[in-house]
Amino acid sequence: MIAAEYPRRFAALVKIEHTVFALPFAYVGAFLAVGGVPSAHDLLWVTVAMVGARSLAMGLNRLVDAGIDARNPRTATRELPAGRLSAWQVVLFCLASLGIFLLAVYELDPLVRWLWPIPVAGFLVYPYLKRFTWLSHLWLGAVDGLAPVGGWVAVTGELPLEAWLLGGAVACWVAGFDLFYALLDLEVDRREGLHSVATKFGERGAFWGARVLHALTVALLAAAGVGLDAGIFYWLGVATVGGLLVYEHSLVRPGELRRLDTAFFTMNGVISAAFFGFVLLEVAV
C-alpha cells in the first residue's frame with residue numbers, strides 16, 4: 001500500500017468526521033467552566049485529547065468487532081474486514097492514539113492526570129458489552145458523556161454538579177441516538193446473538209427508549225442552566241436542541257427507517273454544533 005494512503009484509511013477507520021458529535025460538547029464544558037473563552041493553550045490540548053481519545057475508542061471497537069463486521073453486509077467494507085488495514089496496524093494506531101491522549105492530559109490541569117484511566121477503561125469495556133447485555137447503549141452514552149465533564153475539569157480542576165448535569169445530558173443524547181443506530185443491524189444482531197434494546201424489546205421499544213432518553217437530555221441541559229444561572233443564549237440553545245430532537249424523531253418511525261442515516265449523522269452533528277454555538281454566544285456576548 002502506498003504510504004500516502006495510510007492517513008486516509010485510518011481516518012476512515014475511525015470516521016474522523018464524526019468527531020463533530022463529541023468535540024463541541026467538550027468545548028461546551030470548557031467554555032462554561034470558565035464563563036468565557038479558555039486560553040489558546042487549553043483549547044489546543046482539549047482538542048488534542050478529544051481526538052486522541054476518540055481515535056483510541058474507535059480503533060479498539062473496530063478491532064474487537066472485526067469478525068462481526070465481516071459477517072455484516074453493512075460493515076463488511078470497513079477497513080479491517082475488507083483487508084485495507086491489518087490488525088497489527090490498528091493495534092499500533094491505538095497505541096499511538098493513547099500516546100497522543102496522554103500527551104494532552106499532561107498539558108492540562110494536574111487533576112486530569114489521575115482521571116485519565118476512567119475513559120480508557122470505558123473504551124476497553126464497551127465493545128464487549130453488546131455480547132452480554134442490552135444496556136450497552138447506556139455505557140456508550142456514559143463514555144461519551146465524559147466529554148463536557150472532561151472539558152470542564154481539564155481547564156479548572158473542578159467537578160461541580162453542573163459539569164455532571166451536562167455530562168448526563170450528553171450521555172442520554174448519545175444513548176438515545178444509539179438506540180436508533182442499532183436498528184440498522186437488528187437482524188444481524190439477532191443472528192449473531194448480540195444484545196440491544198431493539199433485540200430485547202423490539203423496534204417500538206427502541207423508539208420509546210430513544211424518546212425517553214432525549215427528553216432527559218433536554219431536562220438535564222435545563223437543570224445545568226438553572227445551576228449556572230444561564231442567560232438567554234444558553235436557553236435558546238436548550239430550546240434549539242429540543243426542537244431539533246423533535247424533528248429528528250419525526251424523520252423515522254417503526255417500519256420506516258429510510259431516513260435513519262439523515263437522523264443519525266446529519267441531525268446529531270447539527271445538534272452538537274448548534275448548542276456549542278449558543279454557548280459561545282452566552283459566554284462571549
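Numbering of residues begins at 1 and proceeds along the displayed sequence. It should be emphasised that the depicted structure is a prediction, and the values quoted were computed from it without experimental measurement.
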[X] versus [Y]: any side-chain heavy-atom pair under 4.5 Å?
X: V120; Y: F101; value: yes
X: V51; Y: I100; value: no
X: F177; Y: V174; value: yes
X: L280; Y: V285; value: no
X: V149; Y: V170; value: no
X: R71; Y: V188; value: no
X: D185; Y: N72; value: yes
X: L103; Y: V48; value: no

With rounding to the nearest 0.5 Å, note down the distance linking [atom1] in [X] to [atom2] in [Y].
X: L85; Y: R62; atom1: CG; atom2: CZ; result: 11.5 Å
X: N61; Y: Y128; atom1: CG; atom2: OH; result: 10.0 Å
X: C94; Y: L60; atom1: SG; atom2: CG; result: 4.0 Å
X: C172; Y: L138; atom1: SG; atom2: CG; result: 8.0 Å
X: L92; Y: Q89; atom1: CG; atom2: CD; result: 8.0 Å
X: D144; Y: R54; atom1: CG; atom2: CZ; result: 8.5 Å

Common cluster, [X]/[Y], ILVMFWY with side-chain heavy-atom separation under 4.5 Å:
X: V238; Y: L228; value: yes
X: V246; Y: I271; value: no
X: L111; Y: M50; value: yes
X: F132; Y: V143; value: no
X: V212; Y: V218; value: no

Show the numbers, then the answer: is there a ring-ring contact (aromatic ring centres under 6.0 Å, His included) between F93 and F10? CA-CA 8 Å; F93 175 81; F10 282 119; 4.9 Å; yes

Compare every heavy atom of [Y] with every heavy atom of [X], then report the nearest pair and how far apart it is.
X: G59; Y: V14; answer: N-CG1, 4.1 Å
X: S55; Y: S97; answer: CB-OG, 3.4 Å
X: M267; Y: L244; answer: CE-CD2, 3.4 Å
X: D69; Y: T75; answer: O-OG1, 2.9 Å
X: P38; Y: L43; answer: O-CD1, 3.9 Å
X: E282; Y: A230; answer: OE2-C, 3.6 Å

Are E79 and R84 ion-paired here, with the side-chain N under 4.0 Å from a carboxylate O?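 Salt bridge: yes.
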
Salt bridge check, R131 against D65: does any charged N sit closer than 4.0 Å to a carboxylate O?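 R131 and D65: salt-bridged.
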
Evaluate R74 against L184 for side-chain contact (heavy atoms from CB on, under 4.5 Å), listing each step before the verdict. CA-CA 8 Å; R74 186 180 68 83; L184 293 172; 3.9 Å; yes

Any sub-3.5 Å donor-acceptor pair from W139's side-chain atoms to G122's backbone N or O?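 Yes.
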
Taking T133 for the side chain and S136 for the main chain, is one N or O donor matched with an acceptor at less than 3.5 Å?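 No; zero donor-acceptor contacts below 3.5 Å.
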
Yes or no on side-chain contact (heavy atoms from CB on, under 4.5 Å) for F25 and L166, after CA distance, side-chain angles and deciding distance? CA-CA 9 Å; F25 276 104; L166 290 170; over 6 Å; no

Step through it carefully: locate the ring centre of Y234, locate the ring centre of F275, and say whether they are under 6.0 Å apart.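 Y234 vs F275: aromatic centres under 6.0 Å.
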
Establish, yes or no, whether a centroid distance under 6.0 Å links the rings of Y27 and F276.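 Y27 vs F276: aromatic centres under 6.0 Å.
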
CA sep, side-chain torsions, deciding dist, call: V279, F233, side-chain contact (heavy atoms from CB on, under 4.5 Å): CA-CA 7 Å; V279 166; F233 287 112; over 6 Å; no

Let's go through W173 and N268 carefully: what are the C-alpha distance in whole Å and the side-chain angles of both, what is the deciding distance for side chain to side chain donor-acceptor pair (under 3.5 Å) to 0.1 Å, and is it a yes or a no? CA-CA 9 Å; W173 171 59; N268 285 305; 2.9 Å; yes

Taking everything shown except W164 itself, do over 12 heavy atoms lie less than 6.0 Å from its CH2?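 Count not over threshold, so no.
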
Donor-acceptor pairs are to be reported for all side-chain atoms of residues 197-208 against protein atoms at under 3.5 Å, with residues two or more places apart or in another chain.
{"from": "T199", "atom 1": "OG1", "to": "S196", "atom 2": "N", "distance (Å)": "2.9"}
{"from": "T199", "atom 1": "OG1", "to": "S196", "atom 2": "O", "distance (Å)": "2.9"}
{"from": "T199", "atom 1": "OG1", "to": "S196", "atom 2": "OG", "distance (Å)": "3.4"}
{"from": "E203", "atom 1": "OE2", "to": "G255", "atom 2": "N", "distance (Å)": "2.4"}

side-chain contact (heavy atoms from CB on, under 4.5 Å) between F180 and H249: does it pass, once the steps are laid out? CA-CA 10 Å; F180 281 152; H249 282 255; 3.5 Å; yes

